[in-house]
Amino acid sequence: MKGLLVTDEYITKSHMKYSGFYIAGMHGKYRAFLSDSMKDVVIVVGGSGHKLSESANWLINNYSPDFLISIGHAMSLNKEISLGDVVFCSKITSLEGPMALWNKDSSYISEVSSSMKFSEFGNKILKNVKTFCDGNLLCTSNIPSKTKMRYWIGEEFDSSVIDFDSSNISRACLKSDIPFAIVRFVAATVDEKLSVFDRRTLGELIKPTYKNYIMPSNIFGSLKRGKRRKKAIHDFNEIISAIGSI
């Protein structure tokens, strides 16, 4: 069984509808989907940030996958990674505590498990998704608001993208001795001012306010998100097609 853990349902909707996926199980906000046409794939939707370990544990305990692939969003940490790009994360660096204390000595590094299956998976993705690249993921409890700081942590910790606490999924998989892969769609670029919507997309626990949605600047943000959403849906279809052929 191949397990996919996806943070946003909208990414999966078109493919699950096309492939006949149906709800096979529920646990709080998490829902598991199975399909008669892809019997060796289970998709679990829901959970981001610190909730990823909980949703990963539920997937592992109920469906015993041979390997697990986490698909979600991240922010780029350099100009080479653009909005909408797909990053296959080969290493995860976790930073905890106040930003002022971040340094290499206090970081926790997790090498993503590799196997022939993952090499084959990566090769198939490279052929199908033009903007797919390999990079390292930095996981923190908060993302710096200043661009200069983002560039610095990208260089200091040799990371291409950053998100909130998704290192939890690596801990859950390593604890259960299950190979895993991390795939991140770039939802914001290193120079962007993050909106409340962007921060929630990346996994931060934050409640939107009415003011956030009536500001004129959000008109451009909405257009950007619409374009990004279409690309993410297309790339997810390519990714799951590659998974199905492994």
Side-chain angles (χ1 to χ4, degrees), residues 2-13 15-16 29-33 41-60 65 67-77 81-94 110 112 118 121-122 125 129 131-143 159-173 178 180-189 192 194-195 197-206 225 228-240 242-243:
K2 306 158 189 174
L4 274 78
L5 184 59
V6 188
T7 57
D8 292 307
E9 185 176 357
Y10 77 79
I11 297 177
T12 68
K13 271 187 176 180
H15 186 89
M16 289 198 297
K29 294 183 178 180
Y30 313 132
R31 289 180 292 171
F33 295 84
V41 175
V42 56
I43 300 176
V44 170
V45 178
S48 61
H50 73 287
K51 290 286 187 179
L52 274 173
S53 60
E54 184 179 316
S55 52
N57 284 328
W58 183 70
L59 191 161
I60 291 168
F67 65 86
L68 189 152
I69 298 175
S70 168
I71 298 177
H73 294 96
M75 180 182 199
S76 69
L77 290 175
I81 308 295
S82 303
L83 187 71
D85 284 0
V86 184
V87 180
F88 187 79
C89 305
S90 53
K91 184 176 74 175
I92 302 172
T93 300
S94 178
S110 173
V112 176
F118 286 122
F121 169 72
I125 295 298
V129 182
T131 54
F132 173 85
C133 63
D134 187 30
N136 298 332
L137 175 65
L138 183 65
C139 301
T140 65
S141 58
N142 57 83
I143 293 178
S159 298
S160 304
V161 289
I162 182 173
D163 73 357
F164 292 98
D165 292 332
S166 68
S167 57
N168 289 323
I169 192 169
S170 67
R171 291 188 174 100
C173 291
I178 291 179
F180 65 96
I182 306 288
V183 177
R184 290 291 177 263
F185 296 119
V186 175
T189 58
E192 284 187 59
L194 289 177
S195 66
F197 182 92
D198 291 327
R199 288 185 175 276
R200 292 180 72 212
T201 299
L202 296 174
E204 185 177 10
L205 294 177
I206 184 171
R225 289 193 294 271
R228 182 188 70 207
R229 177 173 293 193
K230 288 181 180 179
K231 188 178 186 306
I233 291 172
H234 171 270
D235 289 345
F236 175 80
N237 292 341
E238 299 294 343
I239 290 170
I240 198 170
I243 294 171

(request) Could you tell me which non-hydrogen atom of Ser94 sits nearest to which non-hydrogen atom of Ser167, and how far apart they are? (result) OG-OG, 3.3 Å
(message) In the structure I gave you, are the side-chain heavy atoms of Asp163 and Leu137 within less than 4.5 Å of one another anywhere?
(response) yes
(message) Nearest 0.5 Å, please: how far is CD1 in Ile162 from CD1 in Ile143?
(response) 5.0 Å
(message) If I take atom CG from residue Leu5 and atom CD1 from residue Ile71, how far apart are they, to the nearest 0.5 angstrom?
(response) 9.0 Å
(request) Using a 4.5 Å cut-off on heavy atoms from C-beta on, say whether the side chain of Cys89 contacts that of Arg184. (result) yes
(message) Can you tell me how far apart CZ (Phe185) and CG (Leu83) are? Round to the nearest 0.5 Å.
(response) 12.5 Å
(request) Drop me the distance from Ser55's OG to Arg31's CZ, to the nearest 0.5 angstrom. (result) 13.5 Å
(message) To check you understand the geometry: which heavy-atom pair defines the closest contact between Val87 and Asp134, and what is its length?
(response) CG1-C, 4.5 Å
(message) Rounded at 0.5 Å granularity, tell me how far CZ in Phe164 sits from CG in Leu138.
(response) 11.0 Å
(message) If we count only N and O atoms by modelled type, under 3.5 Å, do the side chains of Asn136 and Ser90 hold a donor and an acceptor together?
(response) yes
(message) Using a 3.5 Å distance criterion without hydrogens, assess whether the side chain of Ser159 forms a donor-acceptor pair with backbone atoms of Val161.
(response) no
(request) Just do the side-chain contact (heavy atoms from CB on, under 4.5 Å) check on Glu192 and Ser76 with the steps written out, would you? (result) CA-CA 10 Å; Glu192 284 187 59; Ser76 69; over 6 Å; no
(request) To the nearest 0.5 Å, tell me how far Leu59 CG sits from Cys173 SG. (result) 8.5 Å
(request) Can you sort out the partners of Asn57 under side chain to side chain donor-acceptor pair (under 3.5 Å), two or more places apart, ordered by chain and number? (result) none
(request) For residues Ala172 and Ala56, report the shortest heavy-atom separation together with the two atoms involved. (result) CB-CB, 4.0 Å
(message) For Ser70 versus Ile169, what's the shortest heavy-atom pair and its separation?
(response) CB-CD1, 3.1 Å
(message) Using every non-hydrogen atom in the two residues, find where Val42 and Ala32 come nearest and quote the distance to one decimal.
(response) CG2-CB, 4.3 Å
(message) Do Val44 and Val6 make a side-chain contact, defined as non-hydrogen atoms from C-beta onward lying under 4.5 Å apart?
(response) no
(request) Apply side-chain contact (heavy atoms from CB on, under 4.5 Å) to Ile69 and Phe180, showing your working. (result) CA-CA 5 Å; Ile69 298 175; Phe180 65 96; over 6 Å; no
(message) If you define the side chain from C-beta out and look only at heavy atoms, does anything of Ile60 sit under 4.5 Å from Leu68?
(response) yes
